[in-house]
Amino acid sequence: MTAAAGRATRVLPALFALLTAVHLGALLMDATTVVHLTKPALMPVLAAWALVRGGPWPLPAALVCGCGGDVLLQIGGETAFLAGMGCFAAGHLCYLALFTRAGRGALFARTGWPRTAPWVAAGYGAAWLGTVALLWPGLASQLRLPVAGYSLLLTVMALAALGAGPWTGLGGALFMLSDTLIAAGLADWPRPPVPQFWIMATYIAAQWLLMAGATRDTVPRPGPEPALVGP
């Protein structure tokens with residue numbers, strides 16, 4: 001590792017933690033300007049951290065897509081919302097490319113995933129179907145199909161993330177929770193106080209866990225040096 005890379009491995013985690021603390025604190029204090037300034041910076045810093053950790057290209061690509069979605073959702077309005085959802089969907093496709101590749105390796109076998117996959121998939125599918133069915137009447141008609149399709153893609157990504165490892169699995173589940181809180185707002189469901197705080201707290205944790213788990217569990221690690229055999 002070069003000296004610059006070594007510095008980056010120290011600076012980027014600290015910067016991400018600082019941005020997260022400032023952003024979440026600003027949400028609690030309703031400091032709108034600080035919220036708008038810090039939100040677009042979160043995912044690019046996390047993407048840079050992923051690159052420093054040696055993450056494969058779908059990982060920073062997914063995080064950059066998340067940044068696009070964050071910016072568009074801040075703009076507001078139905079068109080920006082749908083475009084932002086499209087950015088997040090592209091990010092989920094990047095995660096799928098990464099996690100399905102990981103799932104073909106030894107990690108799946110090590111966790112016993114092939115034996116439990118049908119039951120877990122059924123549970124995730126039931127959660128998706130139940131959530132969409134409950135949200136459907138409260139959603140605007142033009143949002144129903146996009147939200148249902150997007151949430152199905154998110155559910156498939158979360159399922160693939162679960163198969164790739166425990167950290168990524170938790171990240172996928174938190175991503176589902178964060179987006180469910182957003183959908184609950186669209187359908188005028190009751191939500192916890194300061195809902196944006198909980199949406200962003202679960203979202204930031206989800207993206208960090210997906211990044212940390214992917215670089216921990218799915219990136220091939222160099223094996224031991226082969227022993228030299230003498231004549």
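Hydrogens, waters and symmetry mates are skipped; everything else that's a heavy atom, side chains included, is used.
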Item to check | Leu37 side chain reached by Val34 side chain, heavy atoms, under 4.5 Å | outcome: no
Item to check | hydrophobic_cluster_shared for Ile204 and Val64, side chain cutoff 4.5 Å | outcome: no
Item to check | Close side-chain approach of Leu181 and Pro195, heavy atoms under 4.5 Å | outcome: no
Checklist entry - Under 3.5 Å, side chain of Trp128 to main-chain N/O of Ala148, donor-acceptor pair present? => result yes
Checklist entry - Side chain of Arg191, backbone of Ala184: donor and acceptor closer than 3.5 Å? => result no
Item to check | Nearest-0.5 Å distance, OH of residue Tyr95 to CE of residue Met211 | outcome: 9.0 Å
Next on the checklist: Working to the nearest 0.5 angstrom, can you tell me the gap between Leu27 CG and Thr32 OG1?
Outcome noted: 9.0 Å
Checklist entry - Does Val194 share a hydrophobic cluster with Val35, counting links as ILVMFWY side-chain heavy atoms below 4.5 Å and allowing steps through other members? => result yes
Item to check | Note, Thr168 side chain near Leu162 side chain (heavy atom, < 4.5 Å) | outcome: no
Checklist entry - According to a 4.5 Å side-chain heavy-atom criterion applied to Ile, Leu, Val, Met, Phe, Trp and Tyr, with indirect links allowed, do Leu210 and Trp57 form part of one hydrophobic cluster? => result no
Checklist entry - With hydrophobic residues grouped by side-chain heavy-atom distances under 4.5 Å, do Leu28 and Leu42 end up in a single group? => result yes
Next on the checklist: When you compare the side chain of Met200 with that of Leu24, does any pair of heavy atoms fall below 4.5 Å?
Outcome noted: yes
Checklist entry - Closest approach of Cys87 and Cys65, non-hydrogen atoms and distance? => result O-CB, 3.3 Å
Checklist entry - To the nearest 0.5 Å, how far apart are CG in Leu93 and CG in Leu98? => result 12.5 Å
Checklist entry - Taking all atoms of both residues into account, what is the closest heavy-atom pair of Pro137 and Arg144, and its distance? => result O-NH2, 3.6 Å
Next on the checklist: The test is side chain to side chain contact (heavy atoms under 4.5 Å, CB included); show your working for Trp198 and Leu177 and say whether it passes.
Outcome noted: CA-CA 10 Å; Trp198 297 108; Leu177 174 59; over 6 Å; no
Checklist entry - Hey, mind stepping through Leu59 and Leu51 against side chain to side chain contact (heavy atoms under 4.5 Å, CB included) and telling me if it holds? => result CA-CA 8 Å; Leu59 180 55; Leu51 287 171; over 6 Å; no
Checklist entry - Which atom pair, heavy atoms only, marks the closest approach of Met176 to Ala158? => result SD-CB, 3.5 Å
Next on the checklist: Once you measure the plane-to-plane angle for Phe175 and Phe88, does it fall in the parallel (<30°), tilted (30-60°) or perpendicular (>60°) bin?
Outcome noted: perpendicular
Next on the checklist: When you group the ILVMFWY residues by side-chain heavy-atom contacts below 4.5 Å and let the links chain together, are Leu18 and Leu12 in the same group?
Outcome noted: no
Item to check | Passing candidate, side chain to side chain contact (heavy atoms under 4.5 Å, CB included) with Met157, options Leu153, Leu159, Leu154 | outcome: Leu154
Checklist entry - Closest approach of Phe99 and Ala160, non-hydrogen atoms and distance? => result CB-O, 3.7 Å
Item to check | Short side-chain to backbone donor-acceptor contact, Arg53 and Thr215, under 3.5 Å | outcome: no
Checklist entry - Considering only heavy atoms from C-beta outward, does the side chain of Trp136 approach that of Val147 to under 4.5 Å? => result no
Item to check | Atom pair CG/SG of Leu72 and Cys67 - distance to nearest 0.5 Å | outcome: 9.5 Å
Checklist entry - What's the shortest heavy-atom distance between Met85 and Pro146, and which atoms? => result CE-CB, 3.5 Å
Item to check | Derivation of the side chain to side chain contact (heavy atoms under 4.5 Å, CB included) call for Trp208 and Thr20 | outcome: CA-CA 11 Å; Trp208 178 81; Thr20 298; over 6 Å; no
Checklist entry - Do the non-hydrogen side-chain atoms of Val71 and Pro40 ever get within less than 4.5 Å of each other? => result yes
Checklist entry - Can you tell me if Asp179 and Tyr203 form a side-chain donor-acceptor pair at under 3.5 Å? => result no
Checklist entry - What is the distance from atom CD of Glu78 to atom CG of Leu186, rounded to the nearest 0.5 Å? => result 10.0 Å
Checklist entry - Can you tell me if Ser178 uses its side chain to pair, donor with acceptor, with the backbone of Thr202 under 3.5 Å? => result no
Next on the checklist: Just verifying a value: how many Å separate Leu209 CG and Leu170 CG, rounded to the nearest 0.5 Å?
Outcome noted: 5.0 Å
